[in-house]
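A quick write-up on the structure given underneath.
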Amino acid sequence: MRVALFITCFNDTLFPETGRATVRVLERLGVEVDFPVEQTCCGQMHFNTGYQREAIPLVRRFVEVFEPYDAVVAPSGSCVGMVRELYGRAAELAGDAELARGVEALVPRVFELSEFLVNGLGVTDIGAYYPHRVTYHPTCHSLRMLRVGEAPLKLLRAVRGLDLVELPQAEECCGFGGTFAVKNAETSTAMLSDKLHHVKETGAEAVAAGDNSCLLHIGGGLQRGQDGIDTVHLAEILDATERR
Amino acid sequence: MTSAKHAPDAFSKGKTPTFEVSARESLADHQLRRNLGKATKTIRGKRAEAVGEMPDWEELREAGRALKERTMRHLDHYLVELEESVKRAGGHVHWARDGEEANRIIAEIARSHEAREVVKVKSIATDETRLNEHLESEGIEAVETDLAELIIQLAGETSSHILVPAIHKNRAEIRTLFMRELGLDDLSDEPEALTEAARLYLRKKFLGAKVGVSGANFAVAETGTVCVVESEGNGRMCTTLPPVLVTLMGIEKLIPEWRDFEVFMQTLPRSSTAERMNPYTSFWTGVSPESGDGPEEFHLVLLDNGRTDVLADEIGRQSLNCIRCSACLNVCPVYERTGGHAYNSVYPGPIGAILTPQLVGIGKPGPDSLPYASSLCGACYDVCPVKINIPEVLIHLRGKVVRNHQDNDGLKGKLDPENVAMQVMAKTFSDRRLYEAAQRLALIGQWPLARSGTIHRLPGKLSGWTATRDLKALPKETFRQWWKTRKNRSGS
């Protein structure tokens, strides 16, 4: 099976550690991972902000780059959500039947990391060791767009040493929302403020999630408040073992 | 009595502020934040319970969606059928192209009966057309009889919620208002005492009115029956006591057959007030002079006001399926914090963010800002009893807003800093080498901003982020650089 890592431009540039962890986790499970270097951005920011004409070439590029692979895995619910939910619409907007066919063929092979591990490979315990008190934020797109459900929690519960504490009002948005965080900065901050309050209530050392964009937001708030709580991507927890 | 403030909203002629600007004001009102937070959390929990006990909830949602979709596809046919059915039952039917025409028709009916006062029950459509203002200009007073509508009318405010128009007010505020406006010296803030005060005031109004004005939750094309769903019974009095009844209804409120109620009567109360069945559901079919019951004269005014334009948009048209339950408002994290007034429209919350700009048309700064009043978290779509994909429509409308700005605002649209940045980024992402160069450039560019791995302050529009949040600085090595080194080392 040829598996491609779709790193996402966000992780590539800002969170390379998440990408490294994803590669190591997959390889530990015997998956041969390739990283097609021609990949750039899935076009979500453009599409969701209204620059849809501008997103179409990025959609086309994504389909060309990942077309040869049996499976495409990304450590981001949001970017996979874009591909799964909106690529069809983008192809329709482009009025390009060939692109539409390409999207239709590729989309069922694109997975968010926890989906791929739990539903695709059928594993939950991958031998991780992470001796910390952690709370989990489900992130809106993983939760309501991809419906990853229990997959990330199953993975976390199987991590040795990890003390998983429930996050109150976990399903509520952290207020990131891409350009929303800048365009409606005050409302976004009001949402974040409640999320941070709940995170602090748990007494956790770190907030985990399957999306670094939400973690950038939550982490930015925690850092500004000098709250002494870390953020950590699910992949990095799964990558941690007794030996390293 | 204080008259309504007549603040401009998306449907009036005046320009309205953008959501960002109005939200700032609302967010600063801490009492409002507490009132809203408490109210939406309570109703959210209750709704989840009421819906949770239905084993076939998903099937009901799908049935509601399918019914509405079919209705919209054949709306022209059903509307004519409705007109015929209402006439057959002894009612009159009027067609109003826009709000002004609807107001003229209603005022004319009131004038022909020499009414100086009309009693009204909860009709958002009349708020959309600003009927009260129009009637006032013709010397006719409109008295709101729904308790919450009465509260905001007395306060000279506008509604901030589709179903609970006074959700932004607490009991203590209502007590003070009633004492002042109804001239009461002695009143507690107990709900029973407050409703009793309103009841005594309203009974007199009901008995004296010649004309009643209502909205409609549904109208059945097959039978000509109009339906109002409510909690207080004031709606029933309003639609049965005055000798003349006028109902203003958006053309999308129609359902084809009587049996379609089976679906909506299960989904609407549970979604809106978290009740298995709402206390008062009134149906009337024309007039029945021989029974001596109900109004002697009935007028149905069918309002377009932009709805046929919405119908013409393949993605946007699902917005017309809305049955005004307001479940989307109650789960929306944005609405919960800003309240309804920030939307500057009679339709607030997620449904308002898609309905308002479509009804008034793209190209006005206030309504154009509404599709952006969302983090696209998707909670609204999950609770919608007719499965309106609100995030999908929000994104679609953002596309229309941007495209209109680019294509029709000349140089200003093209030189807009956001547009320029987006064009540059689109170009960068379309070429791997440019993208990698940009990554290197960003690392150099952040040097003056980053302190020990953190950026505390960003320039320009991006300062919105760093006003309240830090930003993680870029690490020295990108993922792709690591991959290349690793690959070279392993010798493959």
Side-chain angles (χ1 to χ4, degrees), chain A residues 7 9 11-17 19-20 23 35 37-41 43 45-55 57-58 61 85-86 89 93 140-141 143-145 171-173 175-192 216-217 219-221 223-224, chain B residues 19-20 23-24 27 33 315 333-334 337-338 342 371-379 381-382 392 395-403 418-419 422-423 425-426 428-432 435 439 442 454 456 461-462 464-472 474-475 477-484:
Chain A
I7 182 69
C9 61
N11 285 323
D12 182 13
T13 313
L14 267 165
F15 293 91
E17 182 50 30
R20 295 196 287 264
V23 171
F35 176 74
V37 292
E38 284 300 318
Q39 63 179 287
T40 58
C41 167
M45 181 185 68
H46 282 92
F47 200 86
N48 283 358
T49 311
Y51 295 83
Q52 287 153 11
R53 279 188 283 206
E54 290 77 359
L58 305 179
R61 178 182 189 86
E85 291 291 315
L86 295 166
R89 173 81 198 118
L93 265 174
C140 301
H141 288 176
L143 185 72
R144 284 179 281 261
M145 232 176 172
E171 298 193 351
E172 197 167 288
C173 179
F176 174 63
T179 45
F180 172 78
V182 176
K183 279 179 181 281
N184 280 287
E186 288 85 357
T187 308
S188 163
T189 297
M191 288 158 73
L192 176 63
L216 181 84
H217 191 229
Q223 169 76 27
R224 175 61 57 92
Chain B
F19 180 83
E20 303 89 87
R24 219 166 280 150
L27 288 166
R33 291 276 298 277
I315 294 173
V334 172
R337 287 163 184 90
T338 66
Y372 291 92
S374 164
S375 64
L376 302 178
C377 84
Y381 182 25
D382 267 14
E392 181 188 35
I395 294 170
H396 171 64
L397 293 175
R398 290 176 181 189
K400 288 183 109 174
V401 168
V402 166
R403 196 174 271 221
E418 182 188 289
N419 183 44
M422 287 290 181
Q423 299 305 327
M425 278 190 279
T428 309
F429 287 137
S430 67
D431 181 328
R432 190 252 302 178
Y435 165 69
Q439 284 182 321
T454 304
H456 299 293
K461 287 227 164 166
L462 298 174
W465 177 288
T466 46
T468 55
R469 294 152 286 203
D470 284 343
L471 186 66
K472 176 188 182 297
L474 301 180
E477 189 187 48
T478 63
F479 173 80
R480 58 181 59 227
Q481 285 169 327
W482 173 80
W483 179 266
K484 262 181 224 163

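The analysis underlying the following values was restricted to heavy atoms, covering all of them including side chains, and did not include hydrogens, waters or symmetry mates. A note on names: the letters A, B, ... follow the listed sequences, proteins ahead of strands, and every chain is numbered from 1.
Put simply, CZ on A:Phe15 and OG1 on B:Thr478 are 14.5 Å apart, with the number rounded to the nearest 0.5 Å. Remark: B:Arg432 CZ to A:Glu38 CD distance equals 4.5 Å, nearest 0.5 Å. Rounded to the nearest 0.5 angstrom, A:Gln52 CD and B:Lys400 NZ are separated by 11.0 Å. Residue B:Phe429 holds its CZ atom at 13.0 Å from CD of A:Glu54, rounded to the nearest 0.5 Å. The line from CG of B:Leu471 to CZ of A:Arg224 is 10.0 Å long, rounded to the nearest 0.5 Å. For the atom pair A:Ile7 CD1 and B:Trp482 CH2, the distance stands at 9.0 Å (nearest 0.5 Å).
Here the side chains of A:Met45 and B:Met422 are in contact, with some heavy-atom distance below 4.5 Å. For the pair A:Phe47/B:Ile395, a side-chain contact is recorded, criterion being any heavy-atom separation below 4.5 Å from C-beta on. Annotation: side chain of A:Arg89 is in contact with side chain of B:His396 (closest heavy-atom distance under 4.5 Å). Side-chain atoms of B:Arg480 and A:Gln39, non-hydrogen and from C-beta on, do get closer than 4.5 Å to each other.
Heavy atoms of B:Tyr435 lying under 4.5 Å from chain A belong exclusively to its side chain. For B:Thr454, the part sitting under 4.5 Å from any heavy atom of chain A is the side chain, from C-beta outward, and nothing else. Only the backbone of B:Ala467 comes within contact range of chain A, with at least one heavy atom under 4.5 Å from a heavy atom of that chain. Of the atoms belonging to B:Leu397, not a single heavy atom falls under 4.5 Å from chain A. Using a 4.5 Å cut-off between heavy atoms, B:Leu27 contacts chain A through its side chain alone, with no backbone atom that close. Only the side chain of A:Leu58 has a heavy atom closer than 4.5 Å to any heavy atom of chain B. Of the two parts of B:Arg33, only the side chain, counted from C-beta on, holds a non-hydrogen atom closer than 4.5 Å to a non-hydrogen atom of chain A. Contacts of B:Asn419 with chain A are made by both backbone and side-chain atoms, with heavy-atom separations under 4.5 Å. Proximity to chain A is absent for every atom of B:Val401, based on heavy atoms less than 4.5 angstrom apart.
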Subject >> A:Phe180 and B:Leu376: CA distance, side-chain angles, deciding distance, side chain to side chain contact (heavy atoms under 4.5 Å, CB included) verdict >> reply: CA-CA 9 Å; A:Phe180 172 78; B:Leu376 302 178; over 6 Å; no
Subject >> Pair A:Glu17-B:Lys472, salt bridge (charged side-chain N to carboxylate O under 4.0 Å, His left out): steps then yes or no >> reply: CA-CA 13 Å; A:Glu17 182 50 30; B:Lys472 176 188 182 297; over 6 Å; no
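In this pair, B:Phe479 and A:Phe35 present their aromatic rings perpendicular. The plane angle is above 60°, beyond the 30 to 60° band.
Between A:Lys183 and B:Glu418 there is a salt bridge, since at least one side-chain N of the basic residue sits less than 4.0 Å from a carboxylate O of the acidic one.
Among B:Tyr372, B:Tyr381, B:Trp483, B:Phe19, the residue making the largest number of heavy-atom pairs under 4.5 Å with chain A is B:Trp483. If you tally non-hydrogen atom pairs under 4.5 Å between each of A:Arg53, A:Glu85, A:Glu172, A:Arg61 and chain B, the highest count goes to A:Arg53. No other option in A:Asp12, A:Thr40, A:Leu192 has as many heavy-atom pairs under 4.5 Å with chain B as A:Asp12. No other option in A:Ala181, A:Ala55, A:Pro57 has as many heavy-atom pairs under 4.5 Å with chain B as A:Ala181.
Here the closest heavy-atom approach between residue B:Arg398 and residue A:Thr49 is recorded as CB-O, 4.0 Å. The two residues B:Arg469 and A:Ser188 have their closest heavy-atom pair at NH1-OG, 2.7 Å.
The number of heavy-atom neighbours closer than 6.0 Å to CD of A:Glu171, taken from other residues, nucleotides and ligands shown, is 12 or below.
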